[in-house]
Structures are given as structure tokens and as C-alpha cells.
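Data first, discussion second: the structure below is written as C-alpha cells.
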Amino acid sequence: MPELPEVETTRKGIQPKVEGQAIQKIIVRNGKLRWPVDPHLEQKLPGLVILSVKRRAKYLLLETEQGHLIVHLGMSGNLRVLPQQEPAVKHDHIDLVLENGFLLRYHDPRRFGSWLWTDKPIQEHALLKSLGPEPLTDDFHSQYLYQALQGRKTAIKTFIMNNHIVVGVGNIYANESLFLSGIHPTRPAQSLTRKEATRLTSHIKTVLKAAIEQGGTTLKDFLTPDGKPGYFEQKLHVYGREGRPCLQCQETVEKVVLNQRAAYFCSNCQS
DNA sequence: CGAGCAACCTGCATGC
DNA sequence: TGCATGCAGGTTGCTC
């Protein structure tokens, strides 16, 4: 579920209902996430006002006057704003109860996500301080990528999914942007030409932007308790299409596993 | 330092 | 129907 576009859609969705609200309390039903949820949050959070809801990479940052909550959705997490009387169901692990009668509810079957607290400057947090540039800003440009590729033997797909190089490129969009760029996912990173680095940079940006726009329209009411996305599926060229014809040339889409993640490609369109 | 991979956890599809 | 297997949108933190 949570690729960068959905995290950004989540941010936009919860922001208006959460920003400016005081926290009444936090309810932790299961704190065994990627890292254990700090039990002191139950004392720390009541009364604090949420000043802003920002995003860095796939982390959502809830700023208060005393510090930040750093929330990650992992593989299967989601956040919704619901009325306080909404009954909790299985895997509803955390509620942030607000003073406006609503709550921010965290649901995450696999519990790969996280809820962390820091009262230090947010950019110095260990998880954030060594992250690469945001893909949709001007800090991520083709010169930067080309330079970063030099001397790196790892597969290009693995490389663009590395958060130290560029953040927010998940498995779906790594596959899609490589397809659109005509670059085979197993190519050593350092083998890309300047031209290929330029194409890849621009396709990463366009593919993520398009997905955010999709998320913005189809998931516009994801705050209500329905939420079955699948909104990007129609637009995917190779992801999840092993054995089916390439939409561009009709050759069969292939799959290999790289760094424990499925890589899909058309060996006729990508080299 | 870079590269590769085990691990965290639940749910679902598939095959016997 | 039941059970085993493999796979899933992410990331850290080992080992070599």
C-alpha cells in the first residue's frame, strides 16, 4: 500500500483534520511495531498541539511544541481520521485521540511500520539524517544521479531503491521508471550513460507525480472506513505482469529477484 | 566503505 | 477441507 504517493496522499488527507488539534490521549493496543512504541508517550502527549503534518521520504512527521512523532506505514499500514466512537477492529494498533471529537487511527496487519518520538531537531534523527534527496525536488537532478552512479556495481534497480541515494522509490515505481527509461533492472549502476541517467531521473519524477495525482483523486475519501485502493493498477506497464505481453511490444514480461525484491521487465524494451 | 541478505509479521493465493 | 508453501507496497542491521 504505502508507496511514496500514498504516504503523500495520506499526509494531505489527515492534515486538515489534525493540524492545530490538541492531543487528548494516545491509545496503544499493540506497541510491538518495527520498534517498540515508547510507553512514556502516554504521559508525554496529552495536551500537546499538532502544529504541522509533514513528510520526509515515507515518514510522516507530526510536529508538536515538545517534539515530533515520526510515523512510518511499513508495508501494510494506513492512517485514517475517524469519529471517536468508531469501534476498533483487528490490527487497529494505535489511536491518537484529538480534542475535536476525532481520532487518528493507525492500522497495520504486518506491523512493519513505526511510531517514534523525538524531542531533538527532527533532521538530526538517526532515521532521517542520512537520507538522500526527495525525488520531486530540484535537489534530485540528472547530474546528481549520474555522479552517484559512479563506481557502484549494484543492480540499478537496487540502487534507485536505496534511500541514501534518493528517497521514496519503492518496488513498483523502481520497476516502472526503469521500464519507461528502457533500462534493464539488473544493469550495474555504474554502466549507465549520462543520457540514461537523465532519462531515469525524469521518469522517476513523472511516474511518482502521476501516481500522486491518481492517489489524490481516487483516494480522496480514504478517510472513510472503506479504502480498497488498487488505483494505480491500470497504469502499470510491467509491475506484477510476469508472463503477460509487454504493453509496448507484446513480448513476454519477465521476472527476476534482485535484493529479495521482484524485478519485472521486458527484455525487448529494456537493455 | 560497498554488497548481499536475514529478519521483522500477517494475510492471501495456490497447490497437493 | 486442511495444510504447506511462497509471496507481498519497506527498511535496518548484520556479515563478509
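Proteins come first, then strands; the chains are lettered A, B, ... in the order of their sequence lines, and each starts at number 1. Note that this is a predicted model, so its numbers are computed, not measured.
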Side chain of A/R111 - closest among C/dA8, B/dT10, C/dG10: B/dT10
Nearest of B/dG11, B/dT10, C/dG9 to any side-chain atom of A/E6? C/dG9
Verify the contact: side-chain N or O of A/K58 to OP1 or OP2 of C/dG9, cut-off strictly under 4.0 Å; return yes or no. no
Apply side-chain contact (heavy atoms from CB on, under 4.5 Å) to residues A/H237 and A/L180 and explain how you reach the verdict. CA-CA 8 Å; A/H237 292 86; A/L180 294 171; 3.8 Å; yes
A/H91 side chain, from C-beta outward: closest of C/dG10, C/dA8, B/dG11: B/dG11
Given DNA chain C, 5'-ward residue of the pair A/A262 and A/N259, judged by closest heavy atom: A/A262
Consider the side chain of A/F112, meaning its heavy atoms from C-beta on, and name the nucleotide among C/dC7, C/dT11, B/dC8 that approaches it most closely. B/dC8
For A/G243, does its backbone N or O pair with a side-chain atom of A/T252 as donor and acceptor, under 3.5 Å? no
When you measure only distances, ignoring hydrogens and angles, does the side chain of A/R110 come within 3.5 Å of the base of C/dA8 through a donor and an acceptor? yes
Residue matched to C/dT1 through Watson-Crick or wobble contacts both under 3.5 angstrom: none
Side-chain contact check for A/R34: nearest option of C/dG9, C/dT11, B/dG11 is C/dT11
Identify whether any heavy atom of A/Y59 sits under 4.0 Å from a base atom; if not, whether one sits that close to sugar-phosphate; answer base, sugar-phosphate or nothing. sugar-phosphate
Could you work out which one of B/dA7, C/dA8, C/dT12 sits closest to the side chain of A/Q260? B/dA7
Ignoring the backbone of A/W35, work out which of C/dG13, B/dA3, C/dG9 is nearest its side chain. C/dG13
Does a side-chain N or O from A/H72 land closer than 4.0 Å to OP1 or OP2 of C/dT12, or not? no
Look at all strands and tell whether A/L127 reaches a base, only sugar-phosphate, or nothing, counting heavy atoms closer than 4.0 Å. sugar-phosphate
May I ask you to say what A/K32 touches in the nucleic acid, namely base, sugar-phosphate or nothing, with a heavy-atom cut-off under 4.0 Å? nothing
Over all strands shown, is A/R152 touching base, sugar-phosphate only, or nothing at heavy-atom distances under 4.0 angstrom? sugar-phosphate
